[in-house]
Amino acid sequence: MALREIIKFGDDVLRKKCREVTAFDEKLACLLDDMAETLTSADGVGLAAPQVGILRRAIVIDVRDGRGIIELINPVITEQSGVQVGNEGCLSDPGEWCEVERPQNVVVKAFDRNGKEFELKGSDLLARAICHEVDHLDGILFIDRVKQDIAKRS
Ligand code: CO
């Protein structure tokens with residue numbers, strides 16, 4: 001395992017749409033291990049592959065609820081309900097926290113590192129983290145959501 005450099009806001013890489021993972025191989029396992037180590041080292045809640053320069057649909061999340069690192073490959077949010085408004089940050093934008101509106105609950109379909117499909121339900125911080133990280137795979141950053149909220153209110 002190795003720490004990877006986290007790319008910061010302003011880099012075009014963070015604005016690209018990521019491609020699906022098609023090979024569930026050693027290279028993917030290595031990427032996921034490195035992302036987990038990088039996430040833990042940075043004391044973050046979530047990290048998406050584009051944040052370490054890999055334009056593939058893979059994310060890791062750790063909401064410190066005892067279940068450890070959650071790996072989501074090719075995640076798709078299939079259901080969402082409720083609303084939560086809370087402060088959100090990003091490892092690619094250290095020190096900035098903004099109020100962002102997210103669903104209170106989500107259901108996400110994804111694959112594990114072995115290519116097995118599964119479904120995960122998340123609420124509260126986990127729902128927020130899933131939405132934030134899935135956004136990264138489409139080049140969307142949390143500051144975009146803040147701007148949308150402000151536009152909606154005015
Ligand atoms: Co982020």
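Counting from 1, the numbers follow the sequence of the chain as shown. Counting starts at 1 for both ligands and their atoms, following the listed order.
Listed by chain and number, the residues in a salt bridge (Lys or Arg N to Asp or Glu O under 4.0 Å) with Lys17 are Asp138 (sequence neighbours excluded).
Side-chain contact check for Ile77 versus Lys109: every heavy-atom pair is 4.5 Å or farther apart.
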| request: Walk me through it: do Asp112 and Ile73 pass the test side-chain contact (heavy atoms from CB on, under 4.5 Å)? | output: CA-CA 6 Å; Asp112 68 15; Ile73 319 297; 5.8 Å; no
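Around NZ of Lys16, the count of heavy atoms belonging to other residues, nucleotides or ligands within 6.0 Å does not exceed 12.
Between the side chains of Asp124 and Gln104, at least one donor N or O sits under 3.5 Å from an acceptor N or O.
Within the protein, the N, O or S atoms sitting under 2.8 Å from the Co ion (ligand 1) are Cys90 SG, His132 NE2, His136 NE2.
Judged by distance alone, the side chain of Glu88 and the main-chain N or O of Cys98 form no donor-acceptor pair under 3.5 Å.
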